[in-house]
Amino acid sequence: MSNAIQLEATLSRAVLPESTEPQLVYVLLDMQALGGTAPLLKLSLNLCLVIDRSSSMRGERLQQVKEGAARIIDLLSEDDYFSLVTFNDRADVVVNTQRVRNRQDLKQAVNRIEAAGGTEMATGMAMALQEVQKPVMLQGVSRILLLTDGRTYGDEGRCVELARRAQDRGIGVTAMGIGTEWNEDLLETIAARENSRTQYITSATQISQVFADEVKRMSSIFAQDLRFHVEMRPGALLRSLDRVRPYLTSVPISEDHEHVWTASLGDWPNTEPQALLLEVVVPVLRVGEHPLLRLRITYSLPGLSLKNQQAQLVLRMSVRQAGAVPYEVNPTVKQWLERLVAYRLQANAWQQAEQGNAEVASQRLQMAGSRLLDAGEIDLARTVQEEATRLAESGHASAEGRKRIKYGTRGLMGSPDDTK
């Protein structure tokens, strides 16, 4: 069959001047799912919902969680598996792994959850991993959906270890934080693998919709087992690889063979566009046209029961005499690059702040704000500038501001609510 995925690469600079030094370029790789070539397949879903039920979850948050869990139960089919684990100082299995056959009983179990105690996340994750591994599915999607509003203490390393164990077994983790007290660095580390993600929920009223959106993403799969391959010309260097659509995150990549790099991209839910941004050092080249990279995506199409599919393209670099090449950057690549640089700057700002360098941290945030303004992110840029001022004046940023900036720059924050 013809390719179900179309690749289009855009260089930050289409033409480079001849130089005696290596030069840096960025490559935006857009990946589009071609309509009609491969149907979305409703795969069986094996979902374990892991809920923080510490005392800080009392009231509206826990009520919204219950409504969100009930909505998940309604969205799942009778062939899907569902389990529910809660944790505070200890973990409890509220719903053992089972097919979604008796929805009313499941909802009644959810409604009996009460909030009390402290927060020990690792106990909940360990129990969730046991539950989600019980079904034997030849084809399907297994996920742990975790929600917390507080910091776990003393077991952070265990949480990451459990997440990696799950991910190594093909079980993705969606880690979500609500409020301002949870540890965003921990949740980001937990989700720093394929088929995993993290999200900031700014208001309890968003919980039900976020739960529903996540289930819909997981259950309708366009392609699976996506792997990215890039073959570099001798002398070229791949400095970094980042996903920029549908959200921004660094992608681990390794050199499997000389000049050949690979990375795992996981599943492709729905048919939402995907895009990667490559930072490439171009070796010294003479005037002329030169092949620079061979880009290839391998994947499976579950809707057509097809494996080992691929899409590829060869990217060429034009080099002209130095005086004949104006310095121009492609505006689309520039926009994504501004957002990426803003994310890196704010990440460095928080590192500087933790080391007691409030002045340097404020400067980094101001630079990030300027990048976001250039990228057209006006509201987010305003938040960044406010926190930069707060850091400069008091030496501290607000917990809410830090989360809004970190998740806003990545595109993983829910739309702000009027309700707080």
Quiz item: Can you find a pair of side-chain heavy atoms, one from C159 and one from L162, that are under 4.5 Å apart?
Solution: no
Exercise. Would you kindly say whether R164 and Q167 are connected by a side-chain donor-acceptor distance under 3.5 Å?
Key: yes
Self-check item: Basic-acidic side-chain contact under 4.0 Å: D374, K334
Solution: no
Self-check item: Residue D168 excluded, over 12 heavy atoms near CG under 6.0 Å
Solution: yes
Quiz item: If you look only at pairs with a residue in residues 304-316, which of them pass as a salt bridge (charged side-chain N to carboxylate O under 4.0 Å, His left out), with sequence neighbours excluded?
Solution: none
Quiz item: For D92 and R90, what are the C-alpha separation, side-chain angles and deciding distance, and is it a salt bridge (Lys or Arg N to Asp or Glu O under 4.0 Å)?
Solution: CA-CA 7 Å; D92 296 290; R90 50 169 288 176; 2.7 Å; yes
Quiz item: Quick one: do the S44 and D79 side chains pair a donor with an acceptor below 3.5 Å?
Solution: no
Quiz item: Between the side chain of E400 and the main-chain N/O of S398, is any donor-acceptor distance below 3.5 Å?
Solution: no
Quiz item: Within a strict 4.5 Å, meaning less than it, do heavy atoms of the K107 and D74 side chains meet?
Solution: yes
Quiz prompt | Where at least one partner belongs to residues 146-184, residue pairs that pass ring pair (Phe, Tyr, Trp, His ring centres under 6.0 Å), sequence neighbours excluded | solution = W182-Y200, W182-Y407
Self-check item: Sub-4.5 Å side-chain heavy-atom contact between M176 and Q206
Solution: no
Quiz item: Atom NE2 of H259 and atom CG of L293: how far apart are they, to the nearest 0.5 Å?
Solution: 12.5 Å
Self-check item: D52 side chain to S54 side chain, donor-acceptor N/O pair below 3.5 angstrom
Solution: yes
Quiz item: Do Q352 and R364 have side-chain N/O donor and acceptor atoms under 3.5 Å apart?
Solution: no
Quiz item: Out of L7, L11, L29, T10, which one pairs with L315 under the side chain to side chain contact (heavy atoms under 4.5 Å, CB included) rule?
Solution: L11
Practice problem: Mark yes or no for whether S196, through its side chain, and V173, through its backbone, hold a donor-acceptor pair below 3.5 Å. | Solution: yes
Practice problem: Identify, with sequence neighbours excluded, every residue that meets side chain to side chain contact (heavy atoms under 4.5 Å, CB included) alongside R294. | Solution: E231, Q312, V314
